[in-house]
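In what follows, a single structure is set out as structure tokens and then discussed.
Here is how names work: the chains are called A, B, and so on, in the same order as the sequence lines, proteins then strands, and each is numbered from 1.
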Number of protein chains: 2
Amino acid sequence: MARRQKSPVASGDLDARKATILHAVVTEHVDTAQPVGSSAVAATTDLDVSPATVRAEMVALEREGYLAQPHTSAGRVPTDKGYRYFVDHLERGAVGAVQQHQVRDFFAHVRGEMEDVLEQTSKLLSQLTSHTSVVVGAGHSRASILSAQLVNLDAHHHLLVTVFSDGTVTKHSVMDAAGAGAADVAEASRQLNALLIGTTLSSRIQVPSRADDVARLVREAASALHEAAPTIEGEQVYIGGSSRVAESFDGVETVRAVLSILEQELVVVSLIEDILDADVSVAIGSEHGLEPLSACAVIVAPVTLEGETVGALGLLGPTRMRYREVMATAQAVSDELTRHFGGEPGA
Amino acid sequence: MARRQKSPVASGDLDARKATILHAVVTEHVDTAQPVGSSAVAATTDLDVSPATVRAEMVALEREGYLAQPHTSAGRVPTDKGYRYFVDHLERGAVGAVQQHQVRDFFAHVRGEMEDVLEQTSKLLSQLTSHTSVVVGAGHSRASILSAQLVNLDAHHHLLVTVFSDGTVTKHSVMDAAGAGAADVAEASRQLNALLIGTTLSSRIQVPSRADDVARLVREAASALHEAAPTIEGEQVYIGGSSRVAESFDGVETVRAVLSILEQELVVVSLIEDILDADVSVAIGSEHGLEPLSACAVIVAPVTLEGETVGALGLLGPTRMRYREVMATAQAVSDELTRHFGGEPGA
DNA sequence: CGTTGGCAGTCGAGTCTAGTGAGTGCCAGT
DNA sequence: ACTGGCACTCACTAGACTCGACTGCCAACG
């Protein structure tokens, strides 16, 4: 609403009245899920114009691609472009008091490891918004190793347990057909720790080439760790409220398609990362490339730690969504999450 | 079909012809999703009787509760009791050759930690059966601690990393407001290790009561571990193919209800454990107590390790399900999984 | 020239009325 | 005990019709 252009042609800005009408159509349609007619717009806005005038404007808005008609004698429905304009010109609202309180309360009481917090957060988000939520914890490719330890499980199996500077812990099985003695395992553990401390997963390390049991164990363990690197570097994904998908769309096929996408973590992560920006951002309908999600809008907010983006949270719902409220919620949770991790690093 | 009673009254067994008719109705209904008429049954069975005779039998089957009519002039549909009889008298079939191969192939190539294998398995199951699958890894309440280590993250945060005899690894944040020195942390780590090794989560341990930094760290870490015990003892749950739910049921409300149940891990686990038996077993419709799942059948197979049940796998679909095939698949995967973990314990 | 009221036209949704056909229950005959 | 025949039931479908919410267009107005 702030920036406006003189000439309302092309795709730039719309004149004030068109903007008001578009805004009215969007909000009304979000509320009712029905096409919105000219008289409804004339009644709900404070434009003081007749339905006929509204109609004329709507024809223009349709020509410019902001609105669409399901069929000739129906009201108008916003297009993706219409929603986009709506969102771009939305003044940021504060999150409701009840929700605000719920968010604060949640973060005041939540305890436990980062993983648990992220998972709980995804549940909170879907509960607050009635949409499906996605929380992505960034990978730790740049984290360095704080400790590595080889633990003897039984005669032929050991476990390499690695602790990273970002607080993650990984484990890797190490087979040992020969069955080295406990002393050898302990020695290998010592050497591994010395070898790996301070390195990252992408570091090249110098493994001993000797043929004895200890050296063999060290080599096996180190390779197990580095082989698995691509997997454990990967992001953690927590999805909450997937049952909300069934409420949001009426076509069973749409529901299936969306759920199917949600099952593919890699796709979800790359979707979120595509949309991710320094601020709360939105992808509407076909704006993200995923055809099965063309009926969806995705709202993404970053989670930062010491200025760096370490994760993201996303909310997925129908394009017909209460953008203002949902974006405000995303912003609030993102802020609190950032503060939460900022306050207690590594936890 | 083996055991049969003379008197077909009451709820015991049905006479051969009724059994055949019930069988025909179930298989036909599973195929077509339509009520099955008497003439269809007469045509598809080798009973060589007229539709009229079939009708008479169907009336009896309906009176005894095995069949139901959606409305007066429609064919018959199996009731839960009908499906139950069908399943109880199903001769176990072998799994199809293609699937057999797929399962073997999967287990021949799958690598990685138990958690990863279970998760992959749930995907395999849902892919093989086109149903939603659940894989439950048993809790490790009886596992003893092999190693405990306190790792210094930063000035005020440490991480207690614990390795259990069943190969699981847990981590717990330990806050340290006072900021003990590195030497103290190392000493605390040593003491914790000595203290915890060989104990289980339910063991009572004797923590030092001294007031110095080391003792404080030890107490903090031990209490963090034992406080979290209920959580980490808990089962791991992996759900695969939840999008299949949308295919299986046509009512959106049913889909939502089922998805909603699937989101509650505790409910899913207790459901599976209720049904769990030494063999592949089935709960049909209202047999399990969960009202929202009254349109579902759940097939559960145990996963054993050295004679002990260490987990379970479940398949959830509509009562109108290909029980024979799905049960055979569950059996096959359960067997292979058991063999897989039996062959490489701890992996 | 932008705006307005009026008006004919369009089209989806709902209702009503057969007509169709799959399937049943019953019964008399073998 | 089984069968063929038969009247009956009832969901489903198609067509006709009305209703009503809109639109698009146009002539008139300030």
Side-chain angles (χ1 to χ4, degrees), chain A residues 6-9 14-22 24-26 28-29 31-79 82 250-251, chain B residues 6-9 14-22 24-26 28-29 31-79 82 250-251:
Chain A
K6 211 51 175 296
S7 133
V9 227
L14 297 172
D15 68 70
R17 197 167 66 184
K18 282 201 181 63
T20 308
I21 291 173
L22 177 55
V25 171
V26 170
E28 181 79 8
H29 178 66
D31 269 8
T32 63
Q34 301 276 328
V36 182
S38 55
S39 47
V41 171
T44 54
T45 61
D46 50 2
L47 285 176
D48 272 329
V49 289
S50 75
T53 310
V54 175
R55 279 203 288 280
E57 295 284 45
M58 283 170 122
V59 170
L61 282 167
E62 183 171 4
R63 191 181 41 233
E64 291 169 42
Y66 295 96
L67 295 179
Q69 267 182 308
H71 52 86
T72 321
S73 77
R76 298 315 206 283
V77 158
T79 60
D250 22 60
Chain B
K6 210 54 176 294
S7 135
V9 227
L14 298 172
D15 67 69
R17 196 166 66 186
K18 282 201 182 63
T20 308
I21 289 173
L22 177 55
V25 171
V26 170
E28 181 79 9
H29 179 66
D31 270 8
T32 63
Q34 300 278 326
V36 182
S38 55
S39 48
V41 172
T44 54
T45 61
D46 50 2
L47 285 176
D48 271 330
V49 291
S50 75
T53 310
V54 174
R55 277 203 289 280
E57 296 284 46
M58 283 170 121
V59 170
L61 281 167
E62 184 171 2
R63 192 180 40 233
E64 293 169 39
Y66 295 97
L67 295 179
Q69 267 183 310
H71 53 86
T72 322
S73 76
R76 293 326 202 279
V77 159
T79 60
D250 21 62

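Proximity of A:Ser38 to the phosphate of D:dT23: a side-chain N or O atom is located under 4.0 Å from OP1 or OP2. Remark: B:Ser50 is in phosphate contact with D:dT3, judged by side-chain N or O atoms under 4.0 Å from OP1 or OP2. Under 4.0 angstrom from either OP1 or OP2 of C:dG23 there lies no side-chain N or O belonging to B:Arg76. Distances shorter than 4.0 Å separate none of the side-chain N or O atoms of A:Thr72 from OP1 or OP2 on C:dG9.
Atoms CE (A:Met58) and P (C:dT3) sit 16 Å apart, rounded to a whole Å. In this structure, A:His71 places its NE2 atom 6 Å from P of C:dG12, rounding to the nearest Å. Per the geometry, CD belonging to A:Gln34 stands 14 Å off P belonging to D:dT23, to the nearest Å. When rounded to the nearest whole Å, the span between CZ of B:Arg63 and P of C:dT24 equals 16 Å. We find that CD of A:Glu57 is positioned 16 Å from P of C:dC1, with the value rounded to whole Å. Atom C1' of nucleotide C:dG9 and atom CD of A:Gln69 are separated by 13 Å, given to the nearest angstrom.
Counting any heavy atom pair closer than 4.0 Å across all strands shown, A:Ala52 reaches a base atom. Using a 4.0 Å heavy-atom criterion, one finds that B:Thr53 contacts the bases of the nucleic acid, with or without backbone contacts as well.
Residue B:Val54 comes nearest to B:Ala42 through the heavy atom pair CG2-CB, 4.1 Å, listed as atom of the first residue, atom of the second, then distance. Here the closest heavy-atom approach between residue A:Pro70 and residue A:Val77 is recorded as CG-CG2, 4.0 Å. Taking each heavy atom of B:Ala60 and B:Lys18 in turn, the nearest pair found is CB-CE, 3.4 Å. Contact detail for B:Val41 and B:Val36: the closest heavy-atom pair is CG2-CG1, 3.7 Å.
Both B:Ala56 and A:Ala74 sit near DNA chain D, but only B:Ala56 has its closest nucleotide nearer the 5' end.
Within 3.5 Å, a donor on the side chain of B:Ser73 pairs with an acceptor on the base of D:dT9, or the reverse.
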Inset, instruction - Carefully, step by step, assess B:Leu14 and B:Leu61 under the rule side chain to side chain contact (heavy atoms under 4.5 Å, CB included). - result: CA-CA 9 Å; B:Leu14 298 172; B:Leu61 281 167; 3.8 Å; yes
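The side chain of B:Arg55 approaches D:dG5 more closely than any other nucleotide in the set C:dG12, D:dG5, D:dT23.
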